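Nothing here was measured: the structure is a model prediction, and the numbers come from that model. Excluded from the calculations below are hydrogen atoms, water molecules and symmetry mates; all remaining heavy atoms, backbone and side chain alike, are included.
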Amino acid sequence: MASVNLCSWVQSYSIFNQASRSKYSLLPRSLPFNPLMNLSSSTSKTRGFASIPSICSVITKGDAVKEEEEQQQPQNPSFDFKTYMVQKATMINQALDSAVSLREPVKIHEAMRYSLLAGGKRVRPVLCLAACELVGGQESMAMPAACAVEMIHTMSLIHDDLPCMDNDDLRRGKPTNHKVFGEDIAVLAGDALLAFAFEHVAVSTVGVTPGRIVRAIGELAKSIGAEGLVAGQVVDINSEGLTDVGLDHLEFIHVHKTAALLEAAVVLGAILGGGCDEDVERLRKFARYIGLLFQVVDDILDVTKSSKELGKTAGKDLLADKVTYPKLIGIEKSKEFAEKLRSDSLELLQGFDSEKAAPLIALANYIAYRQN
């Protein structure tokens, strides 16, 4: 089978070592979310992280994508994904509402709650709870962490929508936070959610050993700092308008900006649920795949759906001249790559109890086939 002539993603950080090709400073080689470390899937017992599959190795002319209807056949017919998501989202929303109650100073808590309780798919907190239960833990052990992940995700959306960032007016079908409360309060609402997320994990987690709680807090902090979400955001901002951005560069952005927090959600659930190191690392790799999958699908939807369908401004990446998967390899190849990420993520769940793995399998499929 003849493969598409695209560069491999399994390379060194050469693109980040070439000052002439980059406007930003060299980031540490020891990044916790380094997508370019070429580790085989057999190294799940090690602390290292597997690379995302090379596009050269996954997109071939003979590797046809199955019909969507066939792909979406549930692997566990007895599992009702819709009911599961409604139940989990209801419990998560109740926990968030209780955690961030309306109190003094009223205005900042109104702003925090406005974005935090504005709906959303709650994919990240549900992933956290599902991973916890997969390794034998109870939902209650991971609920504070699940809420913390959603608080941090909401912070990132509030800040991302600011005029100094993406300058967006619409989020989840509603005016963005700064449009309602002003830029100053929006910044502070995001800051408050970020700080409270860590307090909530530290103070509210029950039934878990202190060592595991500390380990979880460390994972969460690393996922969003200068070696995680912030790194992806900075490189993304400095990439606008560049003409020589390649696939490895784009992967760096998305593995940090989008996949990092998804990965943290799953890893936190596995740690707090009492998972062994091998299971934690297998689930880390699973989360890495679906995290990148989430962004590939996001890129596709941005150019194929309307603002009304998405609940946010459509086509903004094109207007901002941002590099995306459809821009680099086209929509069809982006869809093929998304399918490969989906199938590879599901392989990592083999060996776990099939009934307990059903939610994560369904979530991977949902991320792959979502329409907004």
Side-chain angles (χ1 to χ4, degrees), residues 86-129 139-208 210 213-214 216-226 228-230 233 261 264-265 268-269 272 311-312:
V86 169
Q87 291 175 344
K88 293 297 186 187
T90 298
M91 297 189 71
I92 290 164
N93 288 333
Q94 290 173 349
L96 289 169
D97 182 47
S98 177
V100 185
S101 59
L102 190 58
R103 53 189 183 272
E104 294 291 341
V106 173
K107 185 153 190 176
I108 189 64
H109 287 96
E110 283 180 338
M112 293 164 68
R113 287 169 59 84
Y114 175 80
S115 294
L116 185 64
L117 304 178
K121 295 174 277 290
R122 306 304 191 206
V123 170
R124 291 161 187 81
V126 173
L127 281 167
C128 184
L129 299 180
E139 180 184 275
S140 59
M141 300 163 71
M143 183 60 82
C147 289
V149 168
E150 191 66 9
M151 291 174 197
I152 291 171
H153 174 56
T154 301
M155 172 278 297
S156 74
L157 300 182
I158 294 173
H159 286 180
D160 202 40
D161 291 334
L162 289 168
C164 63
M165 301 286 276
D166 278 0
N167 192 23
D168 218 328
D169 297 340
L170 190 66
R171 174 68 67 178
R172 290 172 174 169
K174 299 172 62 177
T176 47
N177 197 288
H178 68 275
K179 285 294 180 180
V180 177
F181 296 95
E183 292 179 39
D184 49 0
I185 296 298
V187 170
L188 293 171
D191 292 346
L193 285 168
L194 176 61
F196 184 63
F198 291 97
E199 177 186 341
H200 194 54
V201 176
V203 173
S204 301
T205 303
V206 295
V208 181
I213 295 175
V214 171
I217 290 173
E219 286 277 355
L220 185 57
K222 190 175 289 186
S223 75
I224 63 175
L229 188 153
V230 170
Q233 185 70 62
L261 194 53
L268 262 63
L272 296 171
K312 60 182 180 180

**Fill in**
To the nearest 0.5 Å, atom CE of M151 lies from atom CG of L96 at 5.5 Å
**Request:** Any chance you could measure N177, atom CG, to E110, atom CD, to the nearest 0.5 Å?
**Result:** 11.0 Å
**Request:** Mind running side chain to side chain contact (heavy atoms under 4.5 Å, CB included) on D160 and D168 for me, showing each step along the way?
**Result:** CA-CA 8 Å; D160 202 40; D168 218 328; over 6 Å; no
**Asked** Taking all non-hydrogen atoms of both residues, which atom of M141 and which atom of G207 are closest, and how far apart?
**Response** CE-O, 3.6 Å
**Complete:** Minimal heavy-atom distance between M112 and A192, with the atoms involved, is SD-CB, 3.6 Å
**Asked** Quick one: ring-ring contact (aromatic ring centres under 6.0 Å, His included) pairs with a partner in residues 91-113, sequence neighbours left out?
**Response** none
**Asked** Within the distance-only criterion (no hydrogens, no angle test), does the side chain of S98 pair as donor or acceptor with the backbone N or O of A95 below 3.5 angstrom?
**Response** no
**Message:** Nearest 0.5 Å, please: how far is NZ in K179 from CG in D169?
**Reply:** 4.0 Å
**Prompt:** So, for A186 and I158, which heavy atoms are closest and what is the spacing to 0.1 Å?
**Reply:** O-CG2, 3.3 Å
**Message:** Using every non-hydrogen atom in the two residues, find where G120 and R172 come nearest and quote the distance to one decimal.
**Reply:** CA-NE, 3.6 Å
**Prompt:** For V187, does its backbone N or O pair with a side-chain atom of H159 as donor and acceptor, under 3.5 Å?
**Reply:** yes
**Item:** Validation row: R113, D97 side chains within 4.5 angstrom (heavy atoms)
**Value:** yes
**L117 backbone acceptor or donor facing N93 side chain under 3.5 Å** = no
**Asked** How about K121: does its NZ atom have over 12 heavy atoms from other parts shown lying under 6.0 Å from it?
**Response** yes
**Message:** I'd like to know if R122 pairs up with E150 as an ion pair, taking the criterion as any Lys NZ or Arg NE/NH1/NH2 lying under 4.0 Å from an Asp or Glu carboxylate oxygen.
**Reply:** yes
**Item:** Exercise: identify the closest heavy-atom pair between I108 and I185
**Value:** CD1-O, 4.0 Å
**Asked** Can you tell me how far the CG atom of D161 sits from the OG atom of S156, to the nearest 0.5 Å?
**Response** 9.0 Å
**Prompt:** In Å and rounded to the nearest 0.5 Å, what is the CD to OG distance from E199 to S204?
**Reply:** 7.5 Å
**Message:** Once rounded to the nearest 0.5 Å, what's the spacing between atom CE of M143 and atom CG of L129?
**Reply:** 5.0 Å
**Message:** Less than 4.5 Å apart, side chain to side chain, heavy atoms only: is that true for I224 and L194?
**Reply:** yes
**Prompt:** Are side-chain heavy atoms of F181 and S115 found at a separation under 4.5 Å?
**Reply:** no
**Request:** Measure across A145 and L268 and return the closest heavy-atom pair with its distance rounded to 0.1 Å.
**Result:** CB-CD2, 3.9 Å
